[in-house]
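Worksheet: the structure to be examined is printed underneath.
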Amino acid sequence: MSNLEVAKLFRDVAAAFTIKNEYKYKFQILAYQKAADSIEHSSTELKTLYEQGKLEKIPGIGPTIEKRLIELFKTGKVKHFEQAFEGISPAVFPLLDIPSFGPKKANKLVTHFKLNNPKTIIEDVRKLATEGKIAKLEGFGEKSQADILRAIEEYKTGTTKTNRMTLPYAFSLAQEVIAYLKKHKDISKAETLGSLRRMNSTIGDVDIAVTTKHPESVLDYFVAFPAKERIIERGPTTASLLIGGGKHVDLLVLPPQQFGSLLQHFTGSKHHNVALREYSLKKHMSLSERGIKLLDKKGSPLVEFDTEEKFYKYLGMDWIPPEIRENQGEIEAAIKHQLPDLIELKDIKGDLHIHTNYSWNSSHDYGSASMEDMIKRAKELKYEYIGLSDHNPSISNQTKSEIYSVLSRRKEKIEQLKKSNKNIRVINMLELDILTLGGVAIDDKGLELVDAVIVSIHSSFSTNKDDMTKRVLKGLSHPKTKILAHPTGRLLNSRAGYSLDWEKLFDFCVKNNKALEINAWPERLDLTDALVKQAKEAGVKFVINTDSHAVSHMDNMFYGVSVARRGWAEKKDILNTLPAKSFVEWIST
DNA sequence: GCCGTTTTCGGCCCGACTGTTTTCAGTCG
């Protein structure tokens, strides 16, 4: 059973408790939802933790839920859950996947119309709505019947929440909306919030905050946004639009004196906010997007904040960078004034994963720009060094001596470039395939013709964890291999990546002075933020690379730096912040 | 059912919006 399946089961359990008695089970419901959230966000499979007897390492899993999970993995079911589901039609649960359906609404429809088939339930409800039967039910009406119909249509056509957006897509959508908003004369400030401000690897909704003295007219203007599909909601301080492709854009409007708490609240994450509020409650302060209520002094006015810095300071803590607001220890660190000094884009002094159009019967794709053009861009970016790391020449249709000869010709060209570019260090590198049977695609004699290599997996993704780990460690063992590129192999929204024994890999990297790449390509963002944090704690060093195949790709460095920041990485953790001399020393020894 | 920088008992985030009501229930983030 995968983490997502367990999380869904827990949410169904919470829904079942909600239907049975929301008040009696209030805190069990909360506990199962919290556990589901945390299981979804876990970077380790629960099954693995179960096998290692480490289930209690997941926050939100205590002794009782641990017992239930052990029963689940042992027998495939949980007695206690079956009791919880007793008397509730299984047809309720598929409905919960449709936005606007919660446990109460779903159960009311299912019981009243005696619907019991989970396979046909969505079609059954759609039919009832079409026939006008739902409007007659108490608590429903014509409007909600129409809403149900539309929600089902949007769900079936995939208009709602299918794929999450990649960062560049979300940024350009946000920029488009902000550019539109800025045309309104009463808007003084507009900023993106939510997961986009936290630089999450994928974005669900785009949240934009605006401060103005004329909220009415701003909201009117916003909901008239030309590219909208429809208005989802519109109140006095917020509005939400559905944009083509099933994306939401939410606007939040508050007066300038409350802008600080507004930013804080809608930047999230939800887990960060809940933890922050629980902490503050113990200090008798109640937090919201409008400010802070002091619970000790009755009738005292709301304390307002125009900046986020003042808001956090009032709570007795340092301002927390948005990227690490995930309730992963940042609140405790902010109280103790021990927040990490996160790496910044300006710290980066070189890019080592650069593909060019150098043509030589390659094993994989070429870049579109010349070595000269990529070097020129690196200089514009004020880099001190650049690694030219084309894919290794194909080994399937060239003899060894042919390979030595092409490598040597490329070396000559790069030596020329080194000489003609005195103010940047050009490093002769390769991105080298780790073969299916371990080992790398080019032998020792060939590797003498390059300064250093990046290794990566480009084949046999389904290899099991133990074999894949052996394969990767063997690939990293050669003295010339310094960096493991895109270590998980994932592609956002399309490929999960392969399995690796991360603890083993981290340990190997620390002992053998190898680095893990943080690949800045927006569909990769690989390592993941969670693994960066774990690796950093194990003492692993990183290199942030763009994996550029065109000049413009070199600007993606920003996304890689964001992943590093989300993983709590500091300048000292990232090797390509080193000055040229020290970096070249590391990579060539 | 979880959890601990005033707690191993006694707490558990907070408000927005919609639709169906005429003061509230449900859902969402």
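Every chain is numbered from 1, with letters handed out A, B, ... down the list of sequences.
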Within this structure, what is the [atom1]-to-[atom2] distance between [X] and [N], rounded to whole angstrom?
X      : N      : atom1 : atom2 : value
A:L30  : B:dC3  : CG    : C1'   : 13 Å
A:I98  : B:dT27 : CD1   : P     : 13 Å
A:E332 : B:dG4  : CD    : C1'   : 11 Å
A:F81  : B:dG1  : CZ    : C1'   : 11 Å

List in chain and number order the residues that pass side chain to side chain contact (heavy atoms under 4.5 Å, CB included) with A:E142, two or more places apart in sequence or in another chain; answer none if no residue qualifies.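 A:E142 satisfies side chain to side chain contact (heavy atoms under 4.5 Å, CB included) with A:A135, A:Q145 only.
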
A:F27 over B:dC12, stacked by centroid distance under 5.5 Å, angle under 30°: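 Stacking is present between B:dC12 and A:F27, given that their ring centres fall under 5.5 Å apart and the planes under 30°.
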
Partners passing side-chain hydrogen bond (donor to acceptor under 3.5 Å, both in side chains) against A:R126 (at least two apart in sequence or in another chain):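 Once residues adjacent in sequence are excluded, the partners of A:R126 under the side-chain hydrogen bond (donor to acceptor under 3.5 Å, both in side chains) criterion are A:E123.
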
Qualifying residues under side-chain hydrogen bond (donor to acceptor under 3.5 Å, both in side chains), relative to A:E289, sequence neighbours excluded: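 With neighbours one apart ignored, the set is empty.
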
Any pair counted as ring-ring contact (aromatic ring centres under 6.0 Å, His included), so long as it reaches residues 19-56 of chain A, sequence neighbours left out: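 Qualifying pairs: A:F10-A:Y32, A:F17-A:Y25, A:Y32-A:F81, A:H41-A:H271, A:Y50-A:F73.
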
With sequence neighbours left out, which residue pairs that include part of residues 185-229 of chain A fulfil the ring-ring contact (aromatic ring centres under 6.0 Å, His included) condition?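 Qualifying pairs, neighbours excluded: A:Y180-A:Y221, A:Y180-A:F225, A:H184-A:Y221.
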
In [range], which residues come under 4.0 Å of DNA chain B by heavy atom?
range                       : value
residues 274-286 of chain A : A:V274, A:R277, A:E278, A:L281, A:K282, A:K283, A:H284, A:S286
residues 166-175 of chain A : none
residues 250-262 of chain A : none

Salt bridge between [X] and [Y], side-chain N to carboxylate O under 4.0 Å?
X      : Y      : result
A:K536 : A:D573 : yes
A:E326 : A:R566 : yes
A:E537 : A:K533 : yes

Nearest-neighbour nucleotide for the [X] side chain, [options] considered:
X      : options                : value
A:S288 : B:dG1, B:dC14, B:dC17  : B:dC14
A:T238 : B:dC17, B:dC2, B:dT20  : B:dC17
A:K336 : B:dC28, B:dC14, B:dT5  : B:dT5
A:T237 : B:dG15, B:dC17, B:dG19 : B:dC17
A:A31  : B:dG19, B:dG1, B:dT18  : B:dG1
A:D205 : B:dC12, B:dG29, B:dC17 : B:dG29

Have a look at [X] and say if it touches a base, only the backbone sugar-phosphate, or nothing, with a 4.0 Å heavy-atom cut-off.
X      : answer
A:F140 : sugar-phosphate
A:K26  : nothing
A:K293 : sugar-phosphate
A:E289 : sugar-phosphate
A:I29  : nothing
A:E56  : nothing

Can a side chain N or O of [X] be found less than 4.0 Å away from OP1 or OP2 on [N]?
X      : N      : value
A:R290 : B:dA16 : yes
A:T64  : B:dC2  : yes
A:K143 : B:dG19 : yes

Side-chain donor-acceptor distances from residues 309-319 of chain A under 3.5 Å, at least two apart:
| from | atom 1 | to | atom 2 | distance (Å) |
| --- | --- | --- | --- | --- |
| A:K310 | NZ | A:D306 | OD1 | 2.8 |
| A:K310 | NZ | A:D306 | OD2 | 3.4 |
| A:Y312 | OH | A:Q264 | NE2 | 3.0 |
| A:Y312 | OH | A:H272 | NE2 | 2.9 |
| A:Y312 | OH | A:R325 | NE | 3.4 |
| A:D318 | OD1 | A:H337 | ND1 | 2.8 |
| A:D318 | OD2 | A:H337 | ND1 | 3.0 |
| A:W319 | NE1 | A:E308 | OE1 | 2.8 |

Set of residues satisfying salt bridge (Lys or Arg N to Asp or Glu O under 4.0 Å) with respect to A:K572, sequence neighbours excluded: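 Here the qualifying residues are A:E570.
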
Test of understanding: with salt bridge (Lys or Arg N to Asp or Glu O under 4.0 Å), list the residues that count as partners of A:R234, not counting sequence neighbours.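 Here the qualifying residues are A:E216, A:D220.
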
Sort me out a list of protein N/O and nucleotides 22-26 of chain B N/O pairs below 3.5 Å, or just none if empty.
| from | atom 1 | to | atom 2 | distance (Å) |
| --- | --- | --- | --- | --- |
| B:dG26 | OP2 | A:K104 | NZ | 2.7 |

Syn if the chi torsion is within 90° of 0, anti otherwise; quick check, which is B:dT7?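 B:dT7: syn.
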
Identified pairing partner of B:dT8, criterion: Watson-Crick or G-U wobble below 3.5 Å: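 The base-pairing partner of B:dT8, which may sit in any strand shown, does not exist here.
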
